[in-house]
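All remarks here apply to the structure that follows.
To find a chain, count down the sequence lines: A is the first, B the second, and so on, and within it residues start at 1. Just so you know, these numbers come straight off a predicted model, no measurement behind them.
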There are 2 protein chains.
Amino acid sequence: MVNKEEFRRKVILTAGQIFSRYGFRKTTMEEIATALKMGKSSIYYYFDSKEEIFEAIVRNEANILRNELTTAIKSVDSPVDKMKKYVFVRMKSFEKLANYYNAIFDKNLDHFDFIEQIREKYDREELAILRLILYHGSRKNVFSIVNSEYTALAIQTTLKGLEVPLFWKKREVNIESRLNAILDVLFNGILRKQ
Amino acid sequence: MVNKEEFRRKVILTAGQIFSRYGFRKTTMEEIATALKMGKSSIYYYFDSKEEIFEAIVRNEANILRNELTTAIKSVDSPVDKMKKYVFVRMKSFEKLANYYNAIFDKNLDHFDFIEQIREKYDREELAILRLILYHGSRKNVFSIVNSEYTALAIQTTLKGLEVPLFWKKREVNIESRLNAILDVLFNGILRKQ
DNA sequence: GAATTATCGACCAAATTATTCGAAAACTTT
DNA sequence: AAAGTTTTCGAATAATTTGGTCGATAATTC
């Protein structure tokens, strides 16, 4: 290995796949070790505990999601497109992250607070992004909103509502159509009638 | 519950889903019990052990497969269609059963012999069916075969070969196309040129 | 209301599993 | 090539999980 940090990333990637498939409890250190072609005790050279690995994974996955989102809204120009893109990509990428949230339910619920921290931070950042898009959109007169702060909160609430079926992992629920419906409602509501 | 047997079937169905998803080891009695909305000790009123449940599942699944196959070949008339149908349905339905075979690898390999028994019985029955189809086909002059016994064995061997990728569970393997290719080869080989 | 059938909580022994630790490789640096 | 550093691992341990038992207790049938 080139350095410690690089190997940590490798562990996070490998363990991430197994955790997201089997959940926290059903994934053993030995499985992770075997997938990494090492003895399980070697992993403890890089991580202090199974939980630390898991937490690193969630943090990592949250970062990936954040990056996906920022590049997504940079890829289009108009505030309307930015907002549409944001909502769409957010829900699509969130599916991966939802696996880990589910794994936490599988995990000891005592350690629930750490993910709440990550989530709070993420929510704050999201609000800022939404607010910015809305602000520019209202300046350019394509959004007819009174207060971008409140509207951003409303949209975020809707997005959180969309998450729920992802958690309950019912494969029958068609996220796509539900998402499109909400996008429609959202924009017919806030777009200035022309 | 109406009677004991009926509840056993319910357990088999429920546990079957969990076993096929997580394998033998990773499925706990408590999970099965929770899925059945009971205490885990209650299950022992119907089954003696975790293994007995598992074995009942495999037996049950093998029966379902057998039924699917016999109704499938009854649904068509000509020997050629019967043979095509048989090979096709056999491979399609086998996918479910393969999950349990995989679960056995996960299980203690000491108890491998019981599945061998089921498998042997199943193989014998299969050979009889194949032989019958071939026999009628050659009587009606649509199969150009010397000995329906040997040809049945050859076809069964091919089918077993098709199973292998199912065991190795690589989702990348496209069973369908492989299956069609083999159906083609099989029939261009044994169908009388006209 | 006795007898039978079904469920469950508490418990145990065995197995599994996360984690520790010292020592041995493997690799760097002097 | 010796001394130091980093990385890996086997064996042991401590904690947890889990299959299974048993007696008590509901629920149902007779």
Whole Å only: how far is the CD atom of A/Glu5 from the C1' atom of D/dT6? 16 Å

List in chain and number order the residues that pass side-chain contact (heavy atoms from CB on, under 4.5 Å) with B/Arg139, two or more places apart in sequence or in another chain; answer none if no residue qualifies. B/Tyr135

Among all residues two or more places apart in sequence or in another chain, which pass the side-chain contact (heavy atoms from CB on, under 4.5 Å) test with B/Thr27? B/Ile18, B/Phe19, B/Tyr22, B/Glu31, B/Ile32

Let me know the distance between CZ of B/Phe54 and C1' of D/dG19, rounded to the nearest Å. 16 Å

Partner set under salt bridge (charged side-chain N to carboxylate O under 4.0 Å, His left out) for A/Arg66, not counting sequence neighbours: A/Glu125

For every nucleotide of nucleotides 13-28 of chain C, 5' to 3': is a protein heavy atom under 4.0 Å from its base (B), only from its sugar-phosphate (S), or from neither (-)? ---SSBBBB-------

Check the surroundings of atom CD in B/Glu30: do more than 12 heavy atoms from other residues, nucleotides or ligands lie under 6.0 Å from it? no

Starting from P on D/dT29, measure out to CG on B/Asn3 and report it in whole angstrom. 12 Å

D/dT7 OP1/OP2 closer than 4.0 Å to side-chain N/O of A/Tyr45: yes

Rounded to the Å, how far apart are A/Lys4 NZ and D/dT7 C1'? 9 Å

Going by the rule salt bridge (charged side-chain N to carboxylate O under 4.0 Å, His left out), which residues pair with A/Asp123 if we only count those two or more places apart in sequence or in a different chain? A/Arg119, A/Lys160

Applying side-chain contact (heavy atoms from CB on, under 4.5 Å), name anything that partners B/Ser49, two or more places apart in sequence or on another chain. B/Glu51, B/Glu52

Rounded to whole Å, CD1 of B/Ile43 lies from P of C/dC8 at a distance of 10 Å

Taking only side-chain N and O atoms of A/Ser42, does any of them lie within less than 4.0 angstrom of OP1 or OP2 on D/dC9? yes

Whole angstrom value for the distance that separates P of C/dA6 from CZ of B/Arg8: 13 Å

